[in-house]
Amino acid sequence: MRLSLKPLKPPAAATLRRFSADPHGTPPADPSCPISETLSLLQTSDPISWPANSTLADLLSSLSPPSVLKITRQLPGSQNALQFFEYLKSSPHLSDSAPFAFQAVLELVMRENPNSPGKLYELFAMAKEQNTPLSVNAGTLLIMCFSNANMLEEMVMVLDAIDTQVRNTHVVNLVVFGLFNLGRFPAALKLVDKMLQPGASNPPNGRTLRIVFSSILGKKHRGGDLGDEEIYDLFLRFSENGLCLGGYWLTHMISRFCRNGNCDTAWNALQKAMNSGSVVEVFPCNFLLSRLGQQRDYTRMNLLMNEMKEKGITPTVVTYGIMIKNLCKIRRLDEALEVLEKMRDGEAGIEPDIVIYNTLIDGLCKVGRQEDGLRLMETMRSSETKCEPNTVTYNCLIDGFCKVGDIDMGRELFEQMSNLDEGVNIISLNAMLGGMCRVGRVSSAMELFSRMREKGLEGNTVTYTALITAFCGANNIEKAMDLFDEMKENGCTPDAIIYYTLISGFTRAGRMNDAMEIKSKMEEAGFSLDIIGYNIMIGGFCRKNKIGNASELLTEMEIAGLNPDRVTYNTLISYFCDKGDFKHAQKVMKKMVDDGLSPTVVTYGALIQGYCMKGSLSAAMRLFTDMKSTSKVPPNTVIYNILIDSHCKEDNVEGALSLMDEMRDHGVKLNTTTYNALFKGLQQRNWSKKALQLMKQMSKQECMPDYVTMEILTEWLSAAGETEKLKEFVRSYRASNLTV
DNA sequence: CACCCACCCC
């Protein structure tokens with residue numbers, strides 16, 4: 001065994017001093033006291049004379065081992081103490097006291113040489129060689145000293161040298177702590193495991209619990225590769241020993257479980273802690289509530305909230321924030337606002353903070369109540385709550401207004417933001433650009449982007465995704481690709497989303513080779529297509545009549561472990577139906593059902609459309625009747641639209657109109673396509689009266705006409721001299737604040 | 001506890 005001679009760290013020296021202090025103080029030199037008498041005899045005689053001194057032997061045999069410890073401590077130095085120890089050890093009747101004297105020797109050596117654990121090790125090795133039992137206190141001293149000197153092996157050797165009969169939890173804890181502290185997780189856990197065994201001689205105590213969990217949850221060793229399940233298992237085993245984690249480290253553990261998505265584990269652990277009387281603070285509850293909210297597990301959220309109430313755990317503003325956020329998410333804005341009111345009335349005992357306001361403003365915007373959001377921002381300004389609107393407040397509102405197409409309002413708010421401390425950030429820009437792109441104002445978006453870049457605000461992946469989506473939508477694939485390259489040059493790492501965007505853009509443009517190339521690049525970057533991505537590309541190849549390529553992708557997809565879903569099957573069914581190949585369509589449909597996927601309304605739509613295209617409207621109608629009677633799939637707007645269009649094309653306008661009535665009776669919404677088909681049919685018959693009636697109905701239902709509607713009506717009605725009615729139709733949309 | 005990006009089938 002090599003001796004380490006690392007210097008002792010100062011804190012260790014302090015600990016040792018504390019440890020070696022005599023708890024009873026130095027006794028007065030009283031000749032009637034055997035301790036004093038022995039001590040003075042030792043101090044006044046030569047150690048060589050001790051073995052022959054019968055008075056000394058008599059005195060010592062009358063003393064208890066702890067008294068011997070006291071005496072040894074007061075000898076003039078470690079050298080002298082060591083001689084005393086040797087003397088005790090070699091005297092048959094006194095050898096039981098030797099381990100106590102040895103402890104004092106160690107204390108003295110430490111005091112004399114605070115920085116040489118090596119010396120201590122030599123003494124330890126000597127005692128071991130001589131088979132002197134190591135007292136638990138002496139062992140503890142050595143372990144503390146070796147632990148601080150990073151002398152791991154030595155530390156474990158000392159522990160092993162302490163007789164299991166006298167070994168206590170405290171000393172085992174010291175070793176466990178030392179091992180964890182130096183990152184020796186497996187060794188530390190092995191010791192802990194021993195302590196946790198039923199009937200263990202050194203069962204864990206509260207300190208063991210804290211050592212273990214601060215080590216595995218603390219930042220220093222990042223858990224030492226322990227998985228959440230292993231941590232939870234330890235937690236349970238400690239609980240079984242009556243030691244349930246609470247407080248700070250419980251919070252850490254729950255937050256870790258939640259962060260890793262192990263919600264059930266977090267739930268079980270928190271339940272255990274709450275029901276075993278541990279100190280459960282509000283913080284772990286907040287972590288779990290937040291996670292449950294993400295998973296939309298409202299049942300458990302409510303259960304937990306009730307439990308918190310029962311256990312007297314007071315919610316914080318964060319707890320309220322989580323509740324409000326989730327009410328917003330399920331679009332129960334009025335209830336969320338009620339919570340705010342309660343907070344403002346002082347009923348909750350907690351003042352709302354800026355996050356609460358921002359959550360609500362975002363929630364309002366996301367359900368289309370931008371104006372209410374704006375008003376709430378004004379409330380923030382006027383309230384005495386020190387909640388001035390910040391960048392996030394504005395970002396929520398900008399996004400809200402942009403999402404409903406009110407770009408101008410978004411822009412106004414965007415400009416107002418320069419008054420804020422933080423001003424606009426990348427999220428403001430992205431919300432604004434996204435809005436502009438969605439309404440097709442791509443050049444304005446590009447202008448704004450370059451203006452912001454001049455001011456030093458660079459775009460990120462999200463920015464480029466918005467722009468690339470817009471250019472793909474405008475079929476300007478080249479520009480989209482340029483932006484993609486620019487983005488990479490600017491140091492933005494493409495994420496999976498931007499690859500999906502490009503793949504979908506290329507596919508829509510019918511450029512399957514380019515789409516395949518992006519797919520390869522994506523895979524090189526470490527991403528892989530998801531089921532939606534495969535569906536997009538399979539659909540793209542089908543539209544190009546390249547069923548071979550589609551089939552290859554299908555195989556690849558299944559090898560990758562992705563099963564075809566309803567959309568995949570519908571894509572293929574639609575392909576065969578479009579070709580009039582109903583035999584293959586049926587085959588695919590059978591496979592779909594065999595896979596446990598029932599046909600959807602889209603499946604029926606594909607077949608019905610196929611029959612219509614083939615000219616067998618009667619076959620289409622038979623299927624349609626089946627849908628209504630035998631299948632559990634009720635026809636939707638698209639199905640009706642296909643049939644109405646087909647009836648009109650066959651000049652059966654009456655049939656089309658009666659289908660329209662049926663839609664109304666069955667509560668199926670009419671859309672622009674429905675009206676367009678009907679207008680075309682009515683135009684063939686020149687039934688302008690009926691058309692005017694439908695126009696009224698259309699505007700009443702706030703169904704927006706598109707360029708197809710306008711083309712038909714303009715041509716037909718101007719010729720029929722109904723220009724005024726047409727103008728009225730257009731005006732009706734202006735009045736309802738919609739733009740035609 | 002708050003804000004920004006994507007997509008499939010009729």
Side-chain angles (χ1 to χ4, degrees), chain A residues 286-287 289-290 293 315-326 328 352-363 365-366 390-400 402-403 424-435 437-438 459-470 472-473 494-505 507-508 529-540 542-543 564-575 577-578 592 599-610 612-613 635-643 673:
Chain A
N286 286 345
F287 278 116
L289 283 170
S290 167
T316 61
V317 70
V318 175
T319 321
Y320 281 94
I322 296 166
M323 293 324 281
I324 290 176
K325 165 89 191 161
N326 282 286
C328 288
D353 65 2
I354 181 119
V355 178
I356 297 280
Y357 281 104
N358 288 345
T359 307
L360 280 161
I361 290 173
D362 187 50
C365 287
K366 293 229 152 76
N390 65 5
T391 297
V392 177
T393 321
Y394 274 91
N395 288 349
C396 298
L397 287 163
I398 291 173
D399 187 56
C402 284
K403 285 263 162 72
V424 300
N425 61 14
I426 185 66
I427 296 176
S428 331
L429 176 65
N430 290 342
M432 198 64 234
L433 283 188
C437 288
R438 274 189 301 269
N460 63 12
T461 318
V462 179
T463 325
Y464 281 99
T465 303
L467 293 167
I468 289 174
T469 306
C472 283
D495 58 8
I497 292 176
I498 206 149
Y499 284 110
Y500 287 140
T501 308
L502 286 167
I503 288 173
S504 141
T507 302
R508 228 174 336 178
L529 277 189
D530 61 1
I531 181 76
I532 299 177
Y534 275 106
N535 287 343
I536 292 172
M537 293 194 73
I538 290 170
C542 284
R543 277 190 299 280
D565 65 3
R566 289 185 168 85
V567 177
T568 323
Y569 282 116
N570 287 341
T571 305
L572 296 169
I573 290 167
S574 162
Y575 165 80
C577 287
D578 283 354
M592 179 177 180
T600 69
V601 71
V602 180
T603 321
Y604 286 103
L607 286 160
I608 289 174
Q609 174 150 289
C612 287
M613 269 168 34
N636 65 3
T637 307
V638 180
I639 303 278
Y640 278 101
N641 287 352
I642 296 165
L643 291 170
T673 312

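All heavy atoms count here, side chains included; hydrogens, waters and symmetry mates do not. Proteins get letters first, then strands, A, B, ... in listed order; numbering begins at 1 in each.
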Sorted by chain and residue number, the ring pair (Phe, Tyr, Trp, His ring centres under 6.0 Å) partners of A/Tyr464 (sequence neighbours excluded) come out as A/Phe449
Residues passing the side chain to side chain contact (heavy atoms under 4.5 Å, CB included) test with A/Asn460, sequence neighbours excluded, are A/Ile426, A/Asn430, A/Val462, A/Thr463
Sequence neighbours excluded, the answer for ring pair (Phe, Tyr, Trp, His ring centres under 6.0 Å) partners of A/Tyr569 is none
Across all chains, not counting sequence neighbours, the side chain to side chain donor-acceptor pair (under 3.5 Å) partners of A/Ser428 are A/Asn395, A/Asn425
When rounded to whole Å, the CE to P distance for the pair A/Met592 and B/dC10 reads 13 Å
Salt bridge (Lys or Arg N to Asp or Glu O under 4.0 Å) filter on A/Asp353, not counting sequence neighbours, yields none
Taking B/dC10, B/dC8, B/dC1 as options, the one with an atom nearest any side-chain atom of A/Ser574 is B/dC10
Original post:
Just checking A/Asp353: base, sugar-phosphate only, or nothing, at a heavy-atom cut-off of under 4.0 Å?
Top reply: base
Expected string for nucleotides 2-7 of chain B under the B/S/- scheme (protein heavy atoms, under 4.0 Å, primed atoms plus P, OP1, OP2 as sugar-phosphate) is BBBBBB
